Amino acid sequence: MLNVFTFHNCFALQVQCLGACSPEGQIKRKDLHPILPGYEIAGVVQDVCPSLPNRNFSTGDKVILCLDEDFAESGYHEYIAVDDTDKCLQIPESIPLEVAAMLPGSALSAYSAVLKAKLHIEKLQEVKCK
């Protein structure tokens, strides 16, 4: 296991599930180069460094990482040292890790599309109701 005490301000995450979606930014830029997707990561906190700023993370917490494209392929590691806790969210015990892994990328992309479509639907309703 990764010993986080060799690092500062981090915790060790045991990767349990990952989403294998291609980063959306690459598609928008048409910058498709061969990388393995895997930056939608869900796992369990294994070890917390005592110098980690108070973020209420403790051993056994289920979390998801909301990483950017620079961390593609990170999900294929068994353990990750997480030092940017702003990109980490605790998830309830009731959400399976398989579902949680989809939340940072796929689910948020779909949610964003629904929010953008909402304005158009509301305009159509106004026109049809007149």
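Position 1 is the first residue of the sequence, and the numbers go up from there. What you see is a predicted model; the values in this text were computed from it and never measured.
- When hydrophobic clusters are built by joining Ile, Leu, Val, Met, Phe, Trp and Tyr residues whose side-chain heavy atoms come closer than 4.5 Å, directly or via intermediates, Leu65 is grouped together with Val48.
- Using a 4.5 Å cut-off on side-chain heavy atoms (C-beta onward), Glu93 and Lys62 make contact.
- When all heavy atoms of Ala100 and Ile91 are compared, the pair lying nearest together is CB-CD1, 3.3 Å.
- Leu89 and Leu18 fall into different hydrophobic clusters, defined by Ile, Leu, Val, Met, Phe, Trp and Tyr side-chain heavy atoms under 4.5 Å apart, directly or through other members.
- Of all heavy-atom pairs between Ala42 and Ile64, the closest is CB-CG2, 3.9 Å.
- Rounded to the nearest 0.5 angstrom, Ile121 CD1 and Lys116 NZ are separated by 14.5 Å.
- A side-chain contact (heavy atoms from CB on, under 4.5 Å) with Val63 is found for one member of Val45, Val82, Leu97 and no other, namely Val45.
- Between the CG atom in Leu13 and the CD1 atom in Ile80 there is a gap of 5.5 Å [rounded to 0.5 Å].
- Summarising the geometry of Glu40 relative to Met102, their closest heavy-atom pair is OE2-O, 4.3 Å, with the distance given to 0.1 Å.
- Within the model, atoms CD of Gln16 and CD of Glu78 stand 10.0 Å from one another, a figure rounded to the nearest 0.5 Å.
- The line from CD of Glu126 to CG of Leu124 is 9.5 Å long, rounded to the nearest 0.5 Å.
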